[in-house]
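A short worksheet on the structure shown next.
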Protein chains: 2
Amino acid sequence: MAVKCDNCPLRELEIFVPFTTEEARFMKGFKIGELTVDAQTPLLIEGSNAPQLYTVLAGQGVRFKTLEDGRRQVVNFVFPGDFIGLQAGVMGEMGHSITSATEMTLCVFDRAEIWSLFKSHPDRAFDLTWLAASEEMFLGESLATIGQRSALEAVAWTLQRLFQRGEALGLTTANEMPLPFRQQDLADALGLSLVHTNKTLAKLKDRGMVLWQDGVLGILDRTGLSDVAGIPMEALRPRPLI
Amino acid sequence: MAVKCDNCPLRELEIFVPFTTEEARFMKGFKIGELTVDAQTPLLIEGSNAPQLYTVLAGQGVRFKTLEDGRRQVVNFVFPGDFIGLQAGVMGEMGHSITSATEMTLCVFDRAEIWSLFKSHPDRAFDLTWLAASEEMFLGESLATIGQRSALEAVAWTLQRLFQRGEALGLTTANEMPLPFRQQDLADALGLSLVHTNKTLAKLKDRGMVLWQDGVLGILDRTGLSDVAGIPMEALRPRPLI
DNA sequence: CGAATGCTTGATGTTCTTCAAAGGTTGTGG
DNA sequence: CCACAACCTTTGAAGAACATCAAGCATTCG
C-alpha cells in the first residue's frame, strides 16, 4: 500500500488549503489504509454506523437517500477531496448511502480516532466542522434549486456546479470534464422524471449551452449557462482537506 | 440581564444531553448576553458575516434563502435550543437568512470565542460538529421530501416533523402546539404555491388528520398522518445544547 | 446472438401553478 | 367607533409544467 499523504496529489490543488507539516504528520497517523473499489460498489449505507471514514482520492460517487417505497433522492455527487462518513463519525449513523459511480480510491481513517482528533488537534477539528457547515450550505442551495427553480434552471444549475467542481479539481481539459453518471442520477438529484430530465438536457443542448455525451460534459456557452442557472460561473472557495 | 445558564429552562428537557458542571461554567463565560427581538425581525442575513452566534431560548423563527429574483426557499424552522449562526462562525458567511416569526429570546455568544472553544473544550467542539452534521442530515431528508414526495405527503411529513419537535420541547398540550407561521412559509418550505398548499392542508383536514388554525397545530390522527408522511411518529433523539 | 442497460422521442394524463376574487381578522387614522 | 387598508386564508377556473406510458434505438456484454 502506498502511503501517499506526503505527496498526495490532491494537496497540489489550489482549492485545498495547505497542510502544515505538523498536520501532515498527524494525518499520516490518522490514516489506516487505502481502499480501491469498483464502480457501483456501496461504500456507506444509510442508517448504518460505519467503522471507517474516507477521503476520496480518485473517482466519483453518489450520495443518496432511499425512501421506504424505493424512491431515491440523490443528495450530492462525490468527488476527489470529499470527506465521507462524517455523519457516522459524529452521530453514529449515516443519513444517506454512498455508492461509487466509477472505480474509486479512498484514504481510510479509523472512526475511533476521531475523538483523539478533537482532543489533540483543534485545527483539524475546526476543519471538520467547516466541512460539515459547508455541506449544510450546499444542501440549502440544492433545496432552493429543487424547490424554486424550473427544470431547465435546475439542470443548468447542477451542471454548472459540477463543472465548477471539476475545474477546481483539475479534471477539466478546455471546456470538458468526465461526468460518469447516468441521466437517471441527475433526475433523482433534481426530483424530476428521467424522461423530463432527458428532454430538458436536449433543450440545453439545442441552445448550444452544454453537451453531455458518453460520460463527458462539455460547456459550450458559459455565460448563457450561467444566466439560466442563475449563479455566476466563478471559482470555488478554498476548503480544507482531511 | 438575567444570566440564566445555571437554571436555563432548556436544560431540563430530556431532548438535550446534560451539561457537566465544567461545561456549564465554560458556557457561562462563552455567553455574552441575552437578546430579545420582536416578531418579524431579521437576525442573520445570507451572505453576511455575523459577529455573533445565538442559541434560541424562546420563540420561533424561519431560516430561508432568497434567490436573485426574489423567490424564497424556507430551509428550516427555528425552535428553542437551536444554535444559529454556525455557518458564519466557521466559514465566515451565512448560507441563509434567519428571521423571527414570534418574539424571540436568544442567548448571545461571541463569534471570536469559537476558536477558543475548539482549543480548550474539545467536547463542546465535538457537539458543534454534531449539530452541523445533524442539520446536514435533516436537510438531506428535506431534499428527499421536496424532490420525491407528493404535495400531500410533503405537507404531512413537515407537520409531523414540526410536531415531533414541539413535543420534544414541551410545547405541546395534548395534541396541540403553537405553530406561528403562515401558510406561505410552509409553501416556501416545500416549493409549492400558496394556493396548492392551502388546498393540500384542507385535504388533510378533511381526512381528520390535522387541524392548523389561528397559529395552533392539532394532530387528530397520529397514525394516519404518520402513514401519509411516510415516517414513524417517534421521539427525537437527544442532542447537545450549546 | 440475445439480454441488459441507458438514451431518445411521441402521446396522453395529472399534479401543480397562475389568475382572479371574496371573506375574515387586525390595526390604524379620522 | 367607524371606515379603510393590510394581511392572511379560502375557493373556483384555466393553463402550464411535469409525470407516466409506450416504444424504438444504440451500445455493451456474456
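Chain letters run A, B, ... following the sequence lines, proteins first and then strands; every chain starts at 1.
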task = Could you tell me whether A/Asp206 and A/Lys199 make a salt bridge, using a distance below 4.0 angstrom between a side-chain N and a carboxylate O?
result = no
query = Regarding B/Asp221 and B/Thr223, is there a side-chain donor-to-acceptor distance under 3.5 Å anywhere?
reply = yes
[N] [atom2] sits how many Å from [X] [atom1], rounded?
{"X": "B/Trp212", "N": "D/dT9", "atom1": "CH2", "atom2": "C1'", "result": "11 Å"}
{"X": "B/Lys203", "N": "D/dT10", "atom1": "NZ", "atom2": "P", "result": "15 Å"}
{"X": "A/Asp188", "N": "D/dA19", "atom1": "CG", "atom2": "P", "result": "11 Å"}
{"X": "B/Leu201", "N": "D/dC8", "atom1": "CG", "atom2": "P", "result": "16 Å"}
{"X": "B/Asp214", "N": "C/dG24", "atom1": "CG", "atom2": "P", "result": "14 Å"}
{"X": "B/Arg182", "N": "D/dT10", "atom1": "CZ", "atom2": "P", "result": "14 Å"}
{"X": "B/Leu179", "N": "D/dT9", "atom1": "CG", "atom2": "C1'", "result": "15 Å"}

For residues 167-175 of chain A, which side-chain donor-acceptor pairs fall under 3.5 Å, sequence neighbours excluded?
from, atom 1, to, atom 2, distance (Å)
A/Glu167, OE1, A/Arg222, NH2, 3.1
A/Glu167, OE2, A/Arg222, NH2, 3.0
A/Asn175, OD1, A/Arg222, NH1, 3.1

remark   = side-chain hydrogen bond (donor to acceptor under 3.5 Å, both in side chains) test vs B/Gln183 passes for just one of B/Asn198, B/Thr197, B/Thr200, namely B/Asn198
query = Could you walk me through whether A/Leu43 and A/Met104 pass the side-chain contact (heavy atoms from CB on, under 4.5 Å) check?
reply = CA-CA 10 Å; A/Leu43 288 171; A/Met104 286 180 87; 3.9 Å; yes
query = Taking DNA chain D as the partner, which of residues 190-199 of chain B come within under 4.0 angstrom of it by heavy atom?
reply = B/Leu194, B/Val195, B/Asn198, B/Lys199
request  = Test side-chain contact (heavy atoms from CB on, under 4.5 Å) on B/Leu139 and B/Glu136 and set out the steps.
outcome  = CA-CA 5 Å; B/Leu139 292 187; B/Glu136 180 196 335; 5.9 Å; no
key: Residues within residues 145-154 of chain A bordering DNA chain C, heavy-atom distance below 4.0 Å   = none
Proximity to DNA chain C (any heavy atom under 4.0 Å), residues of residues 68-75 of chain A only = none
message = Checking A/Val228 against A/Arg207 for the side-chain contact (heavy atoms from CB on, under 4.5 Å) test, could you report, in this order, the C-alpha distance in whole Å, the side-chain angles of both residues, the deciding distance, and whether it holds?
response = CA-CA 11 Å; A/Val228 177; A/Arg207 295 195 187 179; 4.3 Å; yes
query = Where each residue is assigned the nucleotide of DNA chain C containing its nearest heavy atom, which of A/Gln183 and B/Thr200 is assigned the position nearer the 5′ end?
reply = A/Gln183
message = Which label fits A/Phe79 and A/Phe181: parallel for a plane angle under 30°, tilted from 30 to 60°, or perpendicular past 60°?
response = perpendicular
inquiry  = Within this structure, what is the CG-CD distance for the pair A/Leu179 and A/Gln60, rounded to the nearest 0.5 Å?
reply    = 7.5 Å
query = Which value, rounded to the nearest 0.5 Å, describes the distance between A/Glu46 atom CD and A/Thr66 atom OG1?
reply = 5.5 Å
ask   = How far does the helix from C/dC1-D/dG30 to C/dG30-D/dC1 bend, going by the axes of its first and last five pairs, to the nearest 10°?
value = 30°
key: Residues that B/Asp214 engages under side-chain hydrogen bond (donor to acceptor under 3.5 Å, both in side chains), provided they are two or more places apart   = none
message = Test your reading of the model: is there a side-chain donor-acceptor pair from B/Arg149 to the backbone of B/Ala229, 3.5 Å cut-off?
response = yes
request  = Please confirm whether the backbone N or O of B/Glu234 pairs with a side-chain atom of B/Gln164, one donor and one acceptor, at under 3.5 Å?
outcome  = yes
